[in-house]
Amino acid sequence: MEINIKKYIKEALNSLYSVDTTNIDVAVEKTKEGINGDFTVVVFAFSKFSKKSPADTAKDLGAFIKQKYDDVSSYNVINGFLNFRMTNEYWIDRLNSLNLNNKKSEEFDKETIMVEFSSPNTNKPLHLGHIRNNILGDSVSRILKASGNHVIKTNLINDRGIHICKSMLAWMKWGNGETPETSGKKGDKLVGDYYVKFEAEYKKQIEELIKAGQTETQAKANAEIILEAHEILRKWENGDEEIRKTWRMMNSWVYKGFEQTYSDLGISFDKVYYESNTYLLGKDIVKQGLENEIFVRDEDSSVWIDLTDEGLDRKILLRSDGTTVYMTQDIGTAIKRIEEFNPSKIIYVVGNEQDYHFAVLKKIISKINKSYSDVIEHLSYGMVELPEGKMKSREGKVVDADDLMSDMIETARNISNEAGKIHDLEDDEKEKIIRMIALGALKYFIIKVDPKKQIIFNPKESIDFNGNTGPFIQYTHARIKSILRNAEKMNIKFHGKASEEADIVDLEIELISHLCTFEKLIQESANRLDPSLIANYTYALTKLFNQYYHEHSILKETESKTLQLRLLLAQTVAQTIKSAMDLLGIEVPEIM
RNA sequence: GGUCUAGUAGCUCAGCUGGAUAGAGCAACGGCCUUCUAAGCCGUAGGUCUCAGGUUCGAAUCCUGACUAGAUCACCA
């Protein structure tokens, strides 16, 4: 759209001042509120070509363009800014073209991009921090897909390690064979409870040892219960069948619980990896790296990479006993994925506490193979914290994902009952809408903030359903749908196209102008891996429509061309809201 | 101490690669339902954009340096 204006300006610069415009970037913006115009060109930079003041330059350019192009209806110059007003026909044409087949068919499966997110540990249930991770990963995947890429959503489940051994040990000690069936507890919750039990006992033992004169470090290493946990880990690694059986059983409980939470959240994956299958990967690569002298072996036979030249540190890749560390596994998995899928990017949605880890991983991968340098990308997001600080699973101080969702559903139900607009629906329909609203409120609340910023969540302050929220946007969608239904009931024949002769008001131009930027915004949001741009865009669109809705009746419009224009505009807004919210993983109702 | 990230209204956040008088929501106060869904709309009030320099026609935005907060720098993941 504003590409036209750019073209015009370049042409004018060339004709008027003989400027070679190939490398000139023309800044075209939406005209600020309160100033007459649709597009604004910043002309300060062109003074050097015209050898005139910005204001005179702007006048030259404006006159030239107004005279030559008939989609420009007028121009004015204020403070050296050149403002153009486009004709009504121009805007109506824009609206019509938004409704043509705007499928960018040539942009399909441009690149293969792998997005890894969620990646939970299996010793505890998911909490609000995981929710942020999941909806970020899910939304980014949707946005990358919408911008024309082939996306593979993947989850690497951390199903082995000391953490799950802790839960197992506590269960073996104090569980009396308790299962999700006998206790009626969700599987992940049950296993999480034993993790908390372990940590409580561990803490007690540490305190006792400190009282007996040990230092904290000593106490942490010597507590009997942690030694037992390490023993279980050793047995696990040696394939002890009894331990493996318990491990499989408890993990299966957890998976069932996770499945439920993922399904409630509307999250799914294309490919799931288990760390118990991948943790040994990477050893061979490290060996090769040793031969190629990318890595070094210390005297105690541990293997390292030295990144001090790159502003990073030395990082261990294999322990002196030859066992792998987290990094080894990540190297192996990354290389395996690259070889298997040949993705142009693997995006890791992981909290910013692991910035350093991924900086190192990226360096290592590019040292292994230069052509892989740009594959690894870390989508680092800020932690979700409570007013009193970090959430701590081991102390049970977390905002549980399932609890939060059911609280939200409860609130949504109350608000909906009060409004009474969906009373007539069948119970299951009602329930579906209530869940949609609850999830919409929760997801929007999180996704609207810039991923890299930390979120402090105060459980005492409930998540809003009014203002800049998911439900507000959903509500506007339902409102528009209601208008379109009423139009049908009134036997208004809707053409799906607007006449260029229709009347058009300022708010309509603003709406159309906003709608026109959606496609570009998806690209930008994909480039920046930032769904919050979509959220803010949608809110602005919705806000604008509600204003319009209030000031101009659609169905009472008697002039048929204007009525058609308004119906088309309303429908386009509804569609755009729906697709935008879909990119955030939020559904919108027809009625609410 | 090194590195990274953030600091905008009482609170939660927008503000794109520098552009005109810094915007929303929540909370407060005042209006608007015989009119397409009031989960809405309009208005009032609320700001030294952490501070100090610099770059330039022009800085919340870019650079440098302070200050504050968080993260990270393990033979943990």
Side-chain angles (χ1 to χ4, degrees), chain A residues 25 27 29 31-35 40 42 44-45 47 53-54 78-81 83 119 121 158 161-163 275 298 300 302-304 311-313 315-327 329-330 351-357 359-360 380 382-383 385 389-390 412 415-416 418-419 421 437 441 445 448-450 452-458 461 464-476 478-487 490 520-521 524-525 528 530 532-533 535-537 539-540 542-543 546-557 566 570 591-592:
Chain A
D25 189 38
E29 294 156 15
T31 302
K32 272 216 150 190
E33 215 174 322
I35 288 162
T40 295
V42 182
F44 293 94
S47 284
S53 71
I78 303 169
N79 297 336
F81 292 89
N83 306 303
S119 306
N121 290 352
N158 189 3
I162 190 70
H163 51 83
E275 215 182 279
D298 275 10
D300 65 1
S302 58
V303 178
W304 298 75
L312 300 167
D313 288 318
K315 190 85 186 174
I316 190 155
L317 299 178
L318 283 181
R319 293 191 186 99
S320 48
D321 62 6
T323 58
T324 62
V325 292
Y326 178 52
M327 185 61 83
Q329 182 270 131
D330 252 2
N352 62 12
E353 56 191 358
Q354 293 193 37
D355 284 356
Y356 184 74
H357 172 79
V360 173
S380 161
M383 298 283 108
E385 295 192 3
K390 272 195 147 176
I415 296 174
S416 181
E418 229 168 274
K421 286 168 188 165
I437 296 167
F445 173 79
K448 77 169 176 186
V449 345
D450 184 341
K452 66 175 176 291
K453 287 197 178 173
Q454 176 181 326
I455 290 180
I456 294 177
F457 178 80
N458 189 344
E461 292 169 17
D464 260 312
F465 285 71
N466 298 320
N468 186 358
T469 65
F472 169 75
I473 294 167
Q474 291 170 318
Y475 174 75
T476 307
R479 235 181 184 183
I480 298 175
K481 284 309 183 122
S482 168
I483 296 174
L484 297 175
R485 281 193 300 271
N486 287 338
M490 291 161 69
K520 214 176 119 193
L521 183 88
E524 184 169 1
S525 171
R528 284 165 57 174
D530 183 357
S532 73
L533 298 178
N536 287 309
Y537 169 88
Y539 175 65
T542 307
K543 180 104 185 117
N546 275 308
Q547 227 172 71
Y548 171 64
Y549 173 93
H550 189 256
E551 288 175 28
H552 304 281
S553 172
I554 293 171
L555 295 177
K556 289 222 169 68
E557 177 56 47
R566 292 189 173 177
I591 306 172
M592 74 180 266

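Reminder, nothing fancy here: chain letters follow the sequence lines and each chain counts from 1.
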- [ ] Provide the distance between the two C1' atoms, one in B/rG53 and one in B/rC67, to the nearest whole Å.
- [x] 15 Å

Open item on the list: Which nucleotide wins on minimum distance to the side chain of A/Ile437, given the candidates B/rU72, B/rC76, B/rA39?
Closed with: B/rA39

Task: salt bridge (Lys or Arg N to Asp or Glu O under 4.0 Å) partners for A/Lys390, two or more places apart - done: A/Glu353

Task: P atoms of B/rC33 and B/rA38, separation to the nearest Å - done: 12 Å

Task: Protein-nucleotide distance (A/Phe472, atom CZ; B/rU37, atom P), rounded to Å - done: 16 Å

- [ ] Please list, chain by chain and in numerical order, all residues satisfying ring-ring contact (aromatic ring centres under 6.0 Å, His included) with A/Tyr475, sequence neighbours excluded.
- [x] none

Task: For A/Asn468, all residues meeting side chain to side chain donor-acceptor pair (under 3.5 Å), sequence neighbours excluded - done: A/Tyr444

TODO: Ignoring backbone atoms, establish whether A/Arg485 has a side-chain N or O less than 4.0 Å from OP1 or OP2 of B/rU37.
DONE: no

Open item on the list: List the residues meeting salt bridge (Lys or Arg N to Asp or Glu O under 4.0 Å) with A/Asp313, not counting sequence neighbours, and say none if there are none.
Closed with: none

- [ ] Consider the side chain of A/Gln547, meaning its heavy atoms from C-beta on, and name the nucleotide among B/rC76, B/rC41, B/rA14 that approaches it most closely.
- [x] B/rC41

Task: Set of residues satisfying ring-ring contact (aromatic ring centres under 6.0 Å, His included) with respect to A/His552, sequence neighbours excluded - done: A/Tyr548

TODO: May I have the distance from A/His550 (atom NE2) to B/rU37 (atom P), rounded to whole angstrom?
DONE: 14 Å

Task: Earlier contact from the 5' end, RNA chain B, for A/Gly161 and A/Ser416 - done: A/Ser416

Open item on the list: Among residues at least two apart in sequence or on other chains, which ones pass side chain to side chain donor-acceptor pair (under 3.5 Å) with A/Thr469?
Closed with: none

- [ ] Find the runs of at least 3 consecutive base pairs, i with j, i+1 with j-1 and so on, that include RNA chain B, using Watson-Crick or G-U wobble geometry with both distances under 3.5 Å.
- [x] B:1-7 with B:67-73, B:10-13 with B:23-26, B:28-32 with B:40-44, B:50-54 with B:62-66

Open item on the list: Distance check needed: B/rG70 P versus A/Glu385 CD, whole Å only.
Closed with: 9 Å

TODO: Grab the CG-P distance between A/Asp330 and B/rC76 for me, whole Å please.
DONE: 16 Å

Open item on the list: So that I can tick it off, tell me whether A/Asp321 and A/Arg319 are bridged by a salt bridge, with the cut-off set at under 4.0 angstrom between side-chain N and carboxylate O.
Closed with: no

- [ ] Assess the side chains of A/Ser532 and A/Asp450: does a donor N or O sit below 3.5 Å from an acceptor N or O?
- [x] no

Task: Charged N-O contact under 4.0 Å between A/Glu524 and A/Arg528 - done: yes

Open item on the list: Between A/Thr31 and A/Thr40, do the side chains contain a donor N or O and an acceptor N or O under 3.5 Å apart?
Closed with: yes

- [ ] Could I get the full list of ring-ring contact (aromatic ring centres under 6.0 Å, His included) partners for A/His357, not counting sequence neighbours?
- [x] A/Tyr326

TODO: Mark up nucleotides 16-26 of chain B, 5' to 3', with B wherever a protein heavy atom is under 4.0 angstrom from a base atom, S wherever such an atom reaches only the sugar-phosphate, and - elsewhere.
DONE: S--BBB--SSS

Task: Which residues share a ring-ring contact (aromatic ring centres under 6.0 Å, His included) with A/Phe81, sequence neighbours left out - done: A/Phe44

Open item on the list: Can you tell me whether the base of B/rC42 sits syn or anti, using the 90° cut around 0 to define syn?
Closed with: anti

Open item on the list: I need the CG-P distance between A/Asn546 and B/rA38, as an integer number of Å.
Closed with: 9 Å

Open item on the list: Any base atoms under 4.0 Å from A/Met327, or only sugar-phosphate, or nothing? Heavy atoms, all strands.
Closed with: nothing

Task: salt bridge (Lys or Arg N to Asp or Glu O under 4.0 Å) partners for A/Lys543, two or more places apart - done: none

TODO: For B/rA39 versus B/rU44, give the span between their P atoms, rounded off to a whole number of Å.
DONE: 24 Å

Open item on the list: Return whichever of A/Thr476 or A/Ile554 has its heavy-atom-nearest nucleotide of RNA chain B closer to the 5' end.
Closed with: A/Ile554

Task: Integer-rounded Å distance: B/rC76 P and A/Glu275 CD - done: 14 Å

Between the protein and nucleotides 1-11 of chain B, which nitrogen or oxygen pairs come in under 3.5 angstrom?
from  : atom 1 : to       : atom 2 : distance (Å)
B/rG7 : OP1    : A/Lys453 : NZ     : 3.4

Task: Gap between atoms OH and C1', on A/Tyr475 and B/rC41 respectively (whole Å) - done: 10 Å

Task: Minimum-distance nucleotide (side-chain atoms of A/Leu555 versus B/rA77, B/rG40, B/rC36) - done: B/rC36

- [ ] Grab the CD1-P distance between A/Ile473 and B/rA39 for me, whole Å please.
- [x] 16 Å

